[in-house]
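Report on one structure; see the data block that follows.
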Amino acid sequence: MKTVAVRLHGKNDLRLDVLELPQIKENEILARIVTDSICMSSYKTVIQGEDHKRVPASIKEKPIIIGHEFCGEIIEVGSRWQCQFSVGERFVIQPALNYNGTLDAPGYSYEYIGGASQYVIIPSEVMETNNLIKYNSDCYFKGSLSEPMSCIIGAFNASYHTEKGKYIHNMGVKKGGKMLILAGCGPMGIGAIDYALNGLECPPSLLLVTDKDEAKTERAKELYANKELTIINSSEREQLLELSGGNGFDDIFVFAPVADLIELGSSLLAEDGCLNFFAGPTDPEFCAKFNFYNAHYLSTHIVGTSGGNRDDMAKAVELMEQGRINPSVMITHIGGIDAVVNTTLNLPKIDGAKKLIYNEISLPLTRISDFEGLSRKDCENASLFKGLAEICNASGGIWNEKAEKYLLENAKRIEV
């Protein structure tokens with residue numbers, strides 16, 4: 001079977017290829033990928049190439065398919081898995097397989113599976129580790145967002161608090177505590193806000209979010225205008241401390257690899273406060289100061305997280321199916337598979353939040369808020385954008401199931 005896929009051939013060498021998939025083995029599954037959202041981790045993978053810990057050294061001879069935030073449909077099931085999976089079932093995959101102690105992951109390490117491909121072969125280790133998760137929904141895009149949401153849930157689970165006089169770590173953010181999210185208006189920050197407000201059994205008593213990007217801050221304010229949280233365009237320590245009530249925060253998340261933000265967070269921790277460094281740096285020598293006086297006398301501490309696990313992803317799917325969280329708010333752009341190379345290579349320079357890709361279509365990366373303006377221009381996709389603008393305007397500018405259906409029915413198809 002032929003498929004169109006975006007493959008990494010070396011550092012910064014990303015190409016839209018047509019390749020032939022081999023016949024699946026009895027322990028493999030053939031699947032169609034409908035959506036894949038682009039993660040900053042993919043950008044880091046592309047610029048590091050063979051030096052990335054998850055990327056094999058042989059990519060010049062055997063390129064890997066990028067993309068790890070994908071959702072699709074099963075096309076063919078090898079005999080070994082026919083008792084567990086069926087043709088037509090929709091699925092998502094937790095890419096952090098942790099298979100036999102390796103870092104191998106779809107979207108980083110494999111020739112024939114990654115989110116930026118129309119068809120993929122799911123290897124046996126995905127099923128063996130129980131990381132092929134059934135997804136019951138009428139839309140695909142939320143399935144793609146279950147992976148970034150699993151990373152957020154994993155970060156909340158990895159934070160911890162202690163009890164005086166006891167050698168106990170109570171895992172998770174403090175119930176009903178005070179929470180600060182620094183650099184929190186990007187795609188992952190928006191997801192964290194949604195989870196903190198709607199996904200936790202006991203939400204924080206105070207949720208404060210800051211970001212230096214004014215446009216992102218304003219969008220976050222619009223999205224959560226009727227929610228109990230404070231969003232400000234400031235990183236002034238005294239102002240943040242005052243907003244905490246003067247005693248600091250129980251849980252602080254840092255969503256950008258910036259030393260100043262880590263040090264700011266360190267200075268704002270309450271007693272037994274936990275600083276969670278979420279954003280992964282590209283510099284292996286990245287360092288920042290942490291107040292060890294407070295670590296000694298006030299039991300402040302720091303954790304770092306790098307993705308979720310299978311249970312975190314299953315929880316994300318469950319919360320979406322229940323309607324408790326809505327990761328749609330993370331999406332600001334859509335595009336076709338022919339937009340992946342340029343988008344990934346330039347991701348840090350592109351404003352907005354999540355960039356959602358539909359692998360079956362041809363479409364330049366397009367901001368949702370630009371649909372209406374583009375519909376009035378003399379361009380190839382004007383009529384498509386007109387229909388999408390009407391649908392998205394009715395939902396407050398948020399991508400939704402109706403928009404996805406309209407796009408898949410009306411957009412230009414990619415021909416192999």
Side-chain angles (χ1 to χ4, degrees), residues 34-39 69 71 137-146 148-149 152 181 183-199 209 211 213-233 255 319-320 323-336 339 343 347 349-358 361 363-377 379 381-411:
V34 180
T35 58
D36 181 50
S37 54
I38 300 179
C39 177
E69 299 181 357
C71 180
S137 176
D138 292 334
C139 66
Y140 290 95
F141 71 90
K142 288 184 181 178
S144 279
L145 297 178
S146 66
M149 285 306 304
I152 291 164
I181 303 178
C185 295
M188 300 303 280
I190 292 292
I193 294 170
D194 197 65
Y195 181 67
L197 293 174
N198 304 312
V209 181
D211 201 295
D213 188 307
E214 190 171 349
K216 290 180 180 179
T217 304
E218 290 306 310
R219 179 174 183 267
K221 288 179 179 179
E222 292 174 6
L223 291 171
Y224 297 101
N226 299 318
K227 297 291 186 177
E228 293 185 3
L229 80 159
T230 301
I231 302 172
I232 60 174
N233 183 223
F255 273 79
L319 291 172
M320 285 190 290
R324 285 181 54 188
I325 61 173
N326 181 18
S328 309
V329 296
M330 301 168 72
I331 301 167
T332 56
H333 296 68
I334 63 161
T343 300
L347 196 57
K349 303 173 187 176
I350 304 173
D351 65 355
K354 272 290 176 188
K355 285 70 182 174
L356 177 69
I357 299 299
Y358 285 87
I361 69 168
L363 189 72
L365 186 73
T366 308
R367 194 178 180 92
I368 294 172
S369 60
D370 290 341
F371 287 164
E372 190 165 352
L374 290 169
S375 71
R376 295 191 291 268
K377 292 186 176 182
C379 63
N381 295 299
S383 60
L384 174 68
F385 291 135
K386 183 177 186 298
L388 290 174
E390 291 173 356
I391 295 169
C392 291
N393 287 344
S395 66
I398 295 173
W399 192 247
N400 56 77
E401 291 89 339
K402 189 176 179 181
E404 176 176 276
K405 186 174 185 293
Y406 182 87
L407 178 74
L408 291 175
E409 289 176 350
N410 294 280

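Model, not experiment: these values are computed from the prediction. Numbers for residues simply follow the sequence, beginning at 1.
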Query raised in the report: Quick one: OH on Tyr224 to CZ on Arg219, what's the gap to the nearest 0.5 Å?
Result: 8.5 Å
Requested in this report: Kindly determine whether Glu69 and Lys354 satisfy salt bridge (Lys or Arg N to Asp or Glu O under 4.0 Å), including the steps that lead there.
Outcome: CA-CA 11 Å; Glu69 299 181 357; Lys354 272 290 176 188; 2.8 Å; yes
Requested in this report: Would you name the heavy atoms of Met188 and Pro148 that are closest together and state the gap between them?
Outcome: CE-O, 3.3 Å
Query - Validation row: Cys185, Ile231 side chains within 4.5 angstrom (heavy atoms) - result: yes
Query raised in the report: Looking at side-chain heavy atoms only, is the closest gap between Leu408 and Val34 below 4.5 Å?
Result: yes
Query - Trp399 side, atom CH2; Leu388 side, atom CG - distance, nearest 0.5 Å - result: 5.0 Å
**Report entry** Between NE2 on residue His333 and CD1 on residue Ile357, distance to nearest 0.5 Å
**Finding:** 10.5 Å
Requested in this report: Evaluate the side-chain contact (heavy atoms from CB on, under 4.5 Å) criterion for residues Phe141 and Asp36: first the C-alpha distance (whole Å), next the side-chain angles of each, then the deciding distance (0.1 Å), finally the verdict.
Outcome: CA-CA 8 Å; Phe141 71 90; Asp36 181 50; over 6 Å; no
Requested in this report: In sequence, state the C-alpha distance, the side-chain angles, and the governing distance for Met320 and Ser146, and then conclude on side-chain contact (heavy atoms from CB on, under 4.5 Å).
Outcome: CA-CA 8 Å; Met320 285 190 290; Ser146 66; 3.4 Å; yes
Query - Main-chain N/O of Pro364 paired with Thr366 side-chain donor or acceptor, under 3.5 Å - result: yes
Query raised in the report: Shortest non-hydrogen contact from Cys379 to Leu374?
Result: SG-O, 3.6 Å
Query raised in the report: Can you tell if the side chain of Glu404 reaches within under 4.5 Å of the side chain of Leu407, non-hydrogen atoms only?
Result: no
Report summary line: When every non-hydrogen atom of Ile368 is compared with those of Gly397, the smallest separation belongs to CG2-O, 3.6 Å
Query raised in the report: Given Leu365, which of Leu356, Thr343, Ile38 fulfils the side-chain contact (heavy atoms from CB on, under 4.5 Å) condition?
Result: Thr343
**Report entry** Side-chain donor-acceptor contact under 3.5 Å, Asn400 with Ser395
**Finding:** yes
**Report entry** Distance, nearest 0.5 Å, that separates CD1 of Ile350 from CZ of Arg367
**Finding:** 11.0 Å
Query raised in the report: How many angstroms lie between CG in Leu384 and CG in Leu363, if you round to the nearest 0.5 Å?
Result: 6.5 Å
Requested in this report: Determine, for Lys405 against Glu401, whether the closest basic-nitrogen to carboxylate-oxygen distance falls under 4.0 angstrom.
Outcome: no
Query - Heavy-atom donor-acceptor pair, Thr35 side chain to Tyr358 backbone, under 3.5 Å - result: no
Query raised in the report: Looking at Asn326 and Ser328, what are the two nearest heavy atoms and their distance?
Result: OD1-OG, 2.6 Å
Requested in this report: Return the orientation label for the Phe371 and Phe385 ring planes: parallel under 30°, perpendicular over 60°, tilted otherwise.
Outcome: parallel
Query raised in the report: Charged N to carboxylate O under 4.0 angstrom, Asp351 versus Lys216?
Result: no
Query raised in the report: Does any N or O in the side chain of Arg324 come within less than 3.5 Å of the main-chain N or O of Gly199, such that one atom is a donor and the other an acceptor?
Result: yes
**Report entry** Shortest non-hydrogen contact between Ala382 and Lys377, atoms and distance
**Finding:** CB-O, 3.3 Å
**Report entry** Minimum side-chain heavy-atom gap Ile325-Leu197 below 4.5 Å
**Finding:** no
Query raised in the report: Met330 and Ala353: which non-hydrogen atoms are nearest, and at how many Å?
Result: O-CB, 2.9 Å
Report summary line: When rounded to the nearest 0.5 Å, the distance separating CG of Asn410 from NZ of Lys386 is 12.0 Å
Query raised in the report: Between Glu218 and Lys221, is the closest basic N to carboxylate O distance under 4.0 Å?
Result: yes
